[in-house]
Number of protein chains: 2
Amino acid sequence: MTPQTDEGALVDDIAARIRARIMDGELPIGKPLRQAALAAEFGVSRTPVREALRQLQNGGLIEMQPHRGAVVRVPAPWEVRQAYEVRAELEALAARRAAARITGGQLAELRRHNDVLRAAAEGSGTSGAGAPDTTRANDCFHTVVCQAADNPWLSRMIDRINESFPRNVSSLALAGDERHRQLNVRQHDAVVAALTDRDEDRAQETMREHVISAGEHLTAWYERRSQTVFHG
Amino acid sequence: MTPQTDEGALVDDIAARIRARIMDGELPIGKPLRQAALAAEFGVSRTPVREALRQLQNGGLIEMQPHRGAVVRVPAPWEVRQAYEVRAELEALAARRAAARITGGQLAELRRHNDVLRAAAEGSGTSGAGAPDTTRANDCFHTVVCQAADNPWLSRMIDRINESFPRNVSSLALAGDERHRQLNVRQHDAVVAALTDRDEDRAQETMREHVISAGEHLTAWYERRSQTVFHG
DNA sequence: TAGGCTGTAAATGGATCCAATGCCGCTGAA
DNA sequence: TTCAGCGGCATTGGATCCATTTACAGCCTA
């Protein structure tokens, strides 16, 4: 049906689409996922849907209980903290490696992405919905650092962590907190400065602090709100 | 059929069994995996086998090409280095956390495991096959450190890396090199000493060096030998 | 009226069936 | 003799089918 560029992997496509639904918040955390419904929605049979769900389970994004179906996983607050501690270490490593490898073009890219965030942080306090391009700019910032680190395994591990938590939740946590958005931007600035100076230690340390700080913020948010959780 | 302790997850069981086959080297890297053969071997239909294979693919242990089957993945040498750089960072973090949390019992356990390795390193130069209990002791050593770190996410990430490379290969790389086995033991000693002193920085650093060193060794081995690769 | 029981409906998990794709060997012609 | 074309075979991927299990609603009884 879909043109299917070249991939013979229909199941991966399905998995990606379901993941996107969850990431966007279209499927809120805690919501049960019906195989039949998803199959109908995507115009395929239940078989590939099942395999896709199992992939997502493996990635930790959903939970499957035998004969009881799959639900979008609700991470416990302490899990968020733990995961972010790991992520901090990995991103810090990425920043360290990037310090020695990053190109001028990539540095410019980082500044551009951070400028988007800066504008959003200072400008509109509450820009309606979770500000999709803000989220995007944030993602891009970290992605560029990972690319500059030039270690696919590292990137992959970081991706795995990110894919384990619905993105919209992270955005929501930031959406209401102008203070923290500005802190974010300043921390990004510090990272960029360290990278510009090719200072490996500082790059590593600033990035670690940044991610830890984001993790604490997100954890606190989780502890407060159980909103965006499906109640049915 | 199988007693199936409590898990309603037959597919996970299948995946674990296939993974074990690969880890033990019973299925050498590069070998094609036939769904029908595996299904017959385990006495189930192809459906759960397929899902299990996809899980393994997701974990990076095997490669699947559309309509062309699955093969046990042959990691490129540089991949090993990259992965071990990540693993080093994570295990180092685990050691740092462990330094502040490890119990006396766990320290004793570490010494016990390392004593097994010490005996193997000094005693029989080439103890026939890959010395399964040596491998086991090594695994246990790192597992205990992870447990002491008390961060399930961290443990999980480290496991994921380990599960991406057939274990027997790592053992084989060590089997022939008495020099390196002794180095291993000394490095473990250093880690234990740092943990005993509750010295976070030293624990982190010694562990990082240890894993990096193991990674370099394994990478070099990979570059030399393409043995244990399936030729068919 | 509350609580427990049962029967029915729905959803999952595994097995089987069918179509699609790739591989390999055979045949025939240059 | 060699290479292109062709057809059968093996294998995978997706759809469908059936058994098993769980959830829920209604009913009966204390």
Side-chain angles (χ1 to χ4, degrees), chain A residues 1-19 21-22 27-28 30-74 230-232, chain B residues 1-19 21-22 27-28 30-59 61-73 230-232:
Chain A
M1 296 311 157
T2 348
Q4 290 274 107
T5 61
D6 64 325
E7 49 186 347
L10 178 121
V11 53
D12 290 331
D13 185 48
I14 303 281
R17 288 211 245 174
I18 298 177
R19 177 179 300 147
R21 292 268 200 290
I22 296 177
L27 299 174
K31 166 143 188 176
L33 302 175
R34 302 266 171 259
Q35 299 178 351
L38 292 170
E41 179 175 349
F42 295 133
V44 297
S45 106
R46 270 177 45 218
T47 310
V49 171
R50 223 163 44 178
E51 293 188 17
L53 287 180
R54 216 161 271 282
Q55 267 185 256
L56 296 183
Q57 177 204 27
N58 208 340
L61 193 59
I62 69 175
E63 255 181 1
M64 298 183 74
Q65 280 168 331
H67 289 279
R68 294 185 54 185
V71 298
V72 183
R73 198 170 128 78
V74 183
F230 177 82
H231 301 287
Chain B
M1 298 303 164
T2 351
Q4 290 277 105
T5 61
D6 64 324
E7 49 187 345
L10 177 119
V11 54
D12 290 330
D13 185 48
I14 303 281
R17 287 211 246 174
I18 298 177
R19 177 179 300 148
R21 291 268 198 292
I22 296 175
L27 298 174
K31 168 143 187 174
L33 303 175
R34 305 262 172 255
Q35 298 178 352
L38 293 170
E41 179 175 349
F42 296 133
V44 296
S45 101
R46 270 179 45 219
T47 310
V49 171
R50 223 164 41 178
E51 293 186 16
L53 287 180
R54 215 160 271 283
Q55 267 186 256
L56 296 182
Q57 177 205 26
N58 209 338
L61 193 59
I62 68 175
E63 256 181 0
M64 297 183 73
Q65 279 167 331
H67 290 280
R68 294 182 56 185
V71 297
V72 183
R73 200 170 126 79
F230 177 81
H231 300 287

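Each chain gets a letter, A, B and so on, in the order the sequences are listed, and its residues count up from 1. All values reported here derive from a predicted model rather than from experimental measurement.
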> Does the C:dG13 base have a donor-acceptor partner in the side chain of A:Arg54 within less than 3.5 Å?
Replying inline: no
> Side-chain donor or acceptor of A:Arg46 under 3.5 Å from a matching atom on the base of C:dG13?
Replying inline: yes
If I take atom [atom1] in residue [X] and atom [atom2] in nucleotide [N], what distance separates them, rounded to the nearest angstrom?
| X | N | atom1 | atom2 | answer |
| --- | --- | --- | --- | --- |
| B:Leu38 | C:dG14 | CG | P | 16 Å |
| A:Asp13 | D:dG14 | CG | C1' | 14 Å |
| B:Met64 | C:dT21 | CE | P | 17 Å |
| A:Gln35 | D:dG14 | CD | P | 15 Å |
| B:Gln65 | D:dG13 | CD | C1' | 15 Å |
| B:Arg34 | D:dG13 | CZ | P | 12 Å |
| A:Leu10 | D:dA15 | CG | P | 7 Å |
| A:His67 | C:dG14 | NE2 | C1' | 9 Å |

> So, B:Arg50 versus B:Gln35: side-chain donor-acceptor pair below 3.5 Å or not?
Replying inline: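 Looking only at side-chain atoms, B:Gln35 and B:Arg50 do not form any donor-acceptor pair under 3.5 Å.
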> If you pin A:Val44 and B:Gly69 to their nearest nucleotides in DNA chain D, which one's is more 5'?
Replying inline: B:Gly69
>> Over all strands shown, is A:Leu33 touching base, sugar-phosphate only, or nothing at heavy-atom distances under 4.0 angstrom?
In response: sugar-phosphate
>> Just to be sure I understand the rule, does B:Arg50 reach a base, reach only the sugar-phosphate, or reach nothing, if contact means heavy atoms closer than 4.0 Å?
In response: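 Base contact.
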> More 5' along DNA chain C: A:Thr47 or A:Ala70, using each one's nearest nucleotide?
Replying inline: A:Ala70
> Out of C:dC23, C:dG14, C:dA11, which has the shortest distance to the side chain of B:Arg68?
Replying inline: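 The answer is C:dC23.
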> Passes side-chain contact (heavy atoms from CB on, under 4.5 Å), B:Phe42 versus B:Ile18? Steps please.
Replying inline: CA-CA 10 Å; B:Phe42 296 133; B:Ile18 298 177; 3.7 Å; yes
> Would you say a side-chain N or O of B:Ser45 is under 4.0 Å from OP1 or OP2 of C:dA15?
Replying inline: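 Yes, such a contact exists.
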> Taking only residues two or more places apart in sequence, or in another chain, which ones meet B:Arg21 in a salt bridge (charged side-chain N to carboxylate O under 4.0 Å, His left out)?
Replying inline: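 With neighbours one apart ignored, the set is B:Glu26, B:Glu41.
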>> Please find the pair of heavy atoms, one from A:Leu53 and one from A:Ile62, that lie closest to each other, and give the distance.
In response: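 Closest heavy-atom pair between A:Leu53 and A:Ile62: O-CD1, 3.3 Å.
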> CD1 of B:Ile22 to CG of B:Leu56: how many Å apart, nearest 0.5 Å?
Replying inline: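 Atom-to-atom, B:Ile22:CD1 and B:Leu56:CG are 6.0 Å apart.
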